[in-house]
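Have a look at the structure below before the remarks.
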Amino acid sequence: MNPINHVAIIMDGNGRWGLKHKNSRNAGHKAGLITVEKIINITIKNNIKYLTLFAFSTENWKRPKSEINYLFNLLENFLKSKIEDLNKRNIKLNIIGFKKFPKKLNKLLIKSEKKTFKNKTLQINLALNYGSKLELINAFKNLAKNKQKISINNLSKNLLTKNIPDPDFLIRTGNTKRLSNFLLWQLAYAEIFFEKKLWPDFNERDYNKIIKNFRKIKRNFGNI
Ligand code: IPE
Ligand code: IPE
Ligand code: MG
């Protein structure tokens with residue numbers, strides 16, 4: 001049975017769900033947040049220590065301003081109302097991405113990270129304005145600036161995910177089979193589960209089924 005340390009998720013399909021059920025993409029984002037809370041709980045139940053959630057990519061700035069603002073507002077309200085609870089439950093919030101948000105949100109993100117810094121039950125890595133290509137370019141630039149040798153180890157240490165073990169598996173909901181610039185380096189040996197359901201429809205049973213299937217996979221890492 002494979003141990004599970006780290007699960008990464010591309011939470012895709014909110015917009016389509018919202019359009020289908022409420023004729024509004026933003027309604028899908030709101031519904032998606034409920035799934036996030038459920039998935040956090042199941043992750044803890046399964047004693048998994050790291051959960052990385054792709055919430056906003058460096059490419060998502062191409063979307064209409066109204067949708068971007070809605071997403072950031074949703075996040076702001078979520079943090080304001082839930083950070084105490086997350087902290088009490090010993091959950092650590094860690095942002096991976098290039099913090100370049102409205103000032104108020106930036107402050108709130110930093111405050112939330114500081115508040116939960118020492119927590120140990122689960123570390124949530126929220127990928128916000130995250131893009132793997134930019135992350136890698138920055139890592140190489142750092143190595144060059146500090147005149148460090150280019151090695152796998154040194155590069156890993158200069159990524160936004162430094163000190164975080166690589167994900168054991170990736171789930172992408174929303175019936176799309178691509179990585180969309182997510183953790184390209186870190187997923188080198190991850191198992192990948194593409195899920196047809198849209199993110200707001202993804203539930204405990206679906207997640208547990210993937211966990212169960214993952215545990216049975218023979219992982220080779222190049223060996224036999
Ligand atoms: C993913 O859902 C969430 C974010 C990118 C914020 P989408 O908004 O991409 O939903 P679809 O893929 O358009 O249905
Ligand atoms: C990936 O979903 C980003 C997030 C889930 C935050 P997208 O919906 O942005 O991906 P593409 O554009 O369809 O590849
Ligand atoms: Mg999408």
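Order of appearance sets the numbers: ligands from 1, and atoms from 1 within every ligand.
When heavy-atom distances to ligand 1 are checked against a 4.0 Å cut-off, Ala55 comes that close only through its backbone atoms N, CA, C and O. Contacts between Phe56 and ligand 2 below 4.0 angstrom, taking non-hydrogen atoms only, involve the backbone exclusively. Of the heavy atoms in Thr176, none comes closer than 4.0 Å to ligand 1. By the criterion of a heavy-atom distance under 4.0 Å, the side chain of Asn60, and not its backbone, is placed next to ligand 1. At a heavy-atom distance under 4.0 Å, no atom of Ala127 approaches ligand 2.
When the heavy-atom distances from atom 2 (O) of ligand 2 to Arg172, Lys62, Arg178, Met11 are ranked, the shortest goes to Arg172. Distances from atom 4 (C) of ligand 2 to the heavy atoms of Trp199, Phe54, Tyr130 put Phe54 nearest.
In this structure, the protein non-hydrogen atom closest to atom 10 (O) of ligand 1 is Gly15 N, 2.9 Å. The shortest contact between atom 5 (C) of ligand 1 and any protein heavy atom is with Arg63 NH2, 3.4 Å. Scanning the protein heavy atoms around atom 13 (O) of ligand 1, the nearest turns out to be Arg25 NH1, 2.9 Å. Of the protein's non-hydrogen atoms, the one nearest atom 11 (P) of ligand 1 is Arg16 NE, 3.5 Å.
With Asn154 contributing its side chain and Ile150 its backbone, the two residues share no donor-acceptor pair below 3.5 Å. A donor-acceptor contact shorter than 3.5 Å is absent between the side chain of Arg89 and the backbone of Asn41. A donor-acceptor contact shorter than 3.5 Å links the side chain of Glu113 to the backbone of Ile95. When atom types are taken as modelled, the side chain of Thr116 and the backbone of Lys92 share no donor-acceptor pair closer than 3.5 angstrom. With Ser57 contributing its side chain and Tyr130 its backbone, the two residues share no donor-acceptor pair below 3.5 Å.
In this structure, Asp12 counts as a contact residue of ligand 2, since one of its heavy atoms falls inside 4.0 Å of the ligand. At a 4.0 Å cut-off, not a single heavy atom of Gly174 sits close enough to ligand 1 to count as contact.
Considering backbone and side-chain N/O atoms, Leu71 never comes within less than 3.5 Å of an N/O atom of ligand 1.
Using cut-offs of 30° and 60° for the angle between ring planes, the Phe56 and Trp61 rings count as perpendicular.
Taking the N/O/S atoms of Asp12 in turn, the shortest distance to the Mg ion (ligand 3) belongs to OD1.
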